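Some notes on the structure that comes next.
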Amino acid sequence: MKRFRGEVPQVSHDLLVLREGDDVAVATRDLSPGDQLVAPGAGPLAVGQPVPRGHKIALRSVPVGGPVHKYGQVIGVATVPVAPGDHVHSHNLGFEDGSREAPLGGTHHELSVPDDEARPTFRGFRRADGRVGTRNFVAILTSVNCSASTAKMIADQFRGAALDEFENVDGVIALTHTSGCGLVPDSEGGQILLRTLRGYAAHPNVAGLLVLGLGCEMVPGAALSARSGQVADLGMPGIGAPDDTRSGLLAAIADDTVVRSLTIQEAGGVRASVRAGVAAVREMLPLVNQRERVECDVSELVLALNCGGSDGYSGITANPALGWASDRLVAYGATSVLAETPEVYGAEHLLTARATEPAVAKKLLDRIDWWRGYVAAGGGTLDNNPSPGNKAGGLTTILEKSLGAVAKGGQADLAAVYEYAEPITERGFGFMDTPGYDPVSVTGLVAGGANVVVFTTGRGSVFGCRPTPSIKVATNTPMYSVMSEDMDVNAGVIVDGTATVAEVGRQIFDRILAVASGEQTVSEELEIGAEEFIPWHMGAVT
C-alpha cells in the first residue's frame, strides 16, 4: 500500500506532481489555454482549458469511469473522457466510494529527535493536578443559554485597563452556548454537552471559574462546578453542593482552581447577578494572579490539529509541515490529536494502518460507520463535503480533501481514538471524533485538554480560540499577503521554492513553544475566541 507522507518530490515552475504515477498535477499559477509546460516525470504538456492556481491539470488520458490518482491514491473517477492538459475538477471528476483496505495496524514509523539539540522546554502554568496550562484565564461558564447575556455583561467589565494590575491573568472570558435546556440529560446530546462543559471547567488554562446558571435548566451548574464534593460560593445566592449520584462530581478540577457559582433566579435577576458576578471575579483575580509561569518540559504540551477553508495547497504545504511539527512533539513524549471525522473519510485507511493495536483502528472505523448513518439520517452523504470555498480553492471530492487533511497527523503511531470532548489521556498521536465544522471541532479538542491549537487554512479562516491559543498557518503566499494580519505562519513558501516542508515544520514547532510560553497569536491580539466556543449540538430538543 502506498503511503502519503506529505513530501513534494517533483516540482517545476508551473506544476507539482505529488507522486509517481499520479494522473494529475497541481498548478502553481493560473494556467491559460495553449500554455506549453513540462510536467515533472510526464514530459511536455499543452494546457487545454483555463486552470486556476491550486487546481488540477490532467497529465494523461483517463476514460469515463477510470480512477484518477493524486497523492498516489484514488481521489475519484472521470465522469467524461479526460485528455492530457484538461482542467480536472467538478465538471469531469466525480466521487466514487470504491473499496479501500483498512489495515488494523502493522505500520510503524520510527520517530527521532536531534541528538545535538537541548531538550525543548516552555514556560507554562503548572496546576495542582500536575497538568500544565499555557494561559491563565478566569472563565465565566454558562450552564444554559439563558445565562449567556448576563455572562457577557460580567466579562465586559474586565476589558481594557481593568486587568492592568494583574499581569499574570490573561483575561476574563464568557464561555456561552445555545443549549443547556430542552434536552434529555442522559441522552447522547445531553452527555456530549455535559462532557464539553466539564472539560472547559477543568481545563488547565482556566485558573478561576464562575459557573453561571439561570436556576431551572436541565443541565444544572452543580453538575459542572463540583470539586471534591463541594461548591465554593461567596455567601451570595447560588447553587449548593450537587448530589453525587444525580449529577456526577467533577473531581477533575484542580484543587488550586478558584471556583465560584451563581444562579440568576436566586441572585435576584440580571442586574443583581451582574453585580454579584463582577464582585466574584474581582475576588478571584488576586488569587489567579498569584500563579506564575515555570519551566516545563515539552512533553506537557497537548496539541490540537485542525484546518478550515482548505484549498488545493493544504495537503502540499501547511498540513505536511504541521505533520512534521506534530511528529517532533510526539517524539519528545508530547501529545497531538487530529479530528474532523468527516474530513478523514476516504483516508481512514492511512490512519488505521498506524494504529498501535487493532482495537484502536476498529474504534476509528466504528466512528466512520456511525457518521455514515448519522449523515444518511439527515438526508445527506459524506461526499457532500468539500464546501463551495474548498472547491473554489481546487479541492473536488472528499477523498482528495481527506488525503490532504490527514497529513496534519504526520507519521506517528495512532495511540488512541476519543469520543467528542472525551479527556485526552494517552500520550502520543491520537484522534478525536468531531464534526468538520471548525469551531465545534476545536471546542471538542479543547474540552479534551488541548493547551495549544494549530489551525491551517488556504482560503483565509479568521478562527481564534480561547482559553487555548490558536496558531494559524497559511497554505499559500497570495492569501498570506492579503491576510497577513490574521496569519501567524506562511507555509506557502514551500510551493514558492524558498523553504522545505521540514523547514516550515520547524518554524511551526518553534512557534508552538513560543506561544505556549505566552507569546500572543494574531487572533489573541484581536481577542477572538470566546464566540468560537460551540459545543456539538446533537439530539432532540423538546
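No experiment lies behind these values; they were computed from the predicted model shown. Sequence positions, counted from 1, serve as the residue numbers for this chain.
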> Would T396 and I75 count as a side-chain contact (heavy atoms from CB on, under 4.5 Å) if you check the C-alpha gap in whole Å, the side-chain angles of each, and the deciding distance to 0.1 Å?
Replying inline: CA-CA 8 Å; T396 308; I75 62 169; over 6 Å; no

> Passes ring-ring contact (aromatic ring centres under 6.0 Å, His included), F533 versus Y200? Steps please.
Replying inline: CA-CA 10 Å; F533 170 67; Y200 271 73; 4.5 Å; yes

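- Side-chain contact of D23 with H69: a donor-acceptor pair under 3.5 Å is present, judged by distance alone.
- For the residue pair H108/Q411, the side-chain donor-acceptor check at 3.5 Å is not satisfied.
- Rounded to the nearest 0.5 Å, atoms NZ (K70) and CZ (R19) are 11.0 Å apart.
- With a 4.5 Å cut-off on side-chain heavy atoms, C307 and K408 count as touching.
- Within the model, atoms CZ of R123 and SG of C296 stand 8.0 Å from one another, a figure rounded to the nearest 0.5 Å.
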Show the atom names and distances, to 0.1 Å, of all donor-acceptor pairs under 3.5 Å that link a side chain in residues 440-447 to residues at least two apart or in another chain.
from	atom 1	to	atom 2	distance (Å)
S441	OG	N306	ND2	2.9
S441	OG	T434	OG1	2.8
T443	OG1	P439	O	2.7
T443	OG1	E532	O	3.3
T443	OG1	I534	N	2.9

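- Residues W370 and D433 bring no donor and acceptor atom of their side chains to less than 3.5 Å of each other.
- Note on ring orientation: taking the six-membered ring where Trp is involved, the planes of Y374 and W536 are perpendicular (angle over 60°, cut-offs 30° and 60°).
- Residue N490 forms a side chain to side chain donor-acceptor pair (under 3.5 Å) with just one option from T477, N476, T475, T317, and that option is T477.
- Of the residues H91, K56, Q49, the one that meets the side chain to side chain donor-acceptor pair (under 3.5 Å) test with D86 is Q49.
- Enclosure of atom CD in E167 is not indicated, since only 12 or fewer non-hydrogen atoms of other residues, nucleotides or ligands lie within 6.0 angstrom.
- Between P435 and Y420 the shortest side-chain heavy-atom distance falls below 4.5 Å.
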>> Checking T134 against L301 for the side-chain contact (heavy atoms from CB on, under 4.5 Å) test, could you report, in this order, the C-alpha distance in whole Å, the side-chain angles of both residues, the deciding distance, and whether it holds?
In response: CA-CA 9 Å; T134 59; L301 290 173; 4.3 Å; yes

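- A donor-acceptor pair shorter than 3.5 Å cannot be found between the side chains of T28 and D14.
- Every residue meeting the salt bridge (Lys or Arg N to Asp or Glu O under 4.0 Å) condition with D297, not counting sequence neighbours, appears here in chain and number order: R119.
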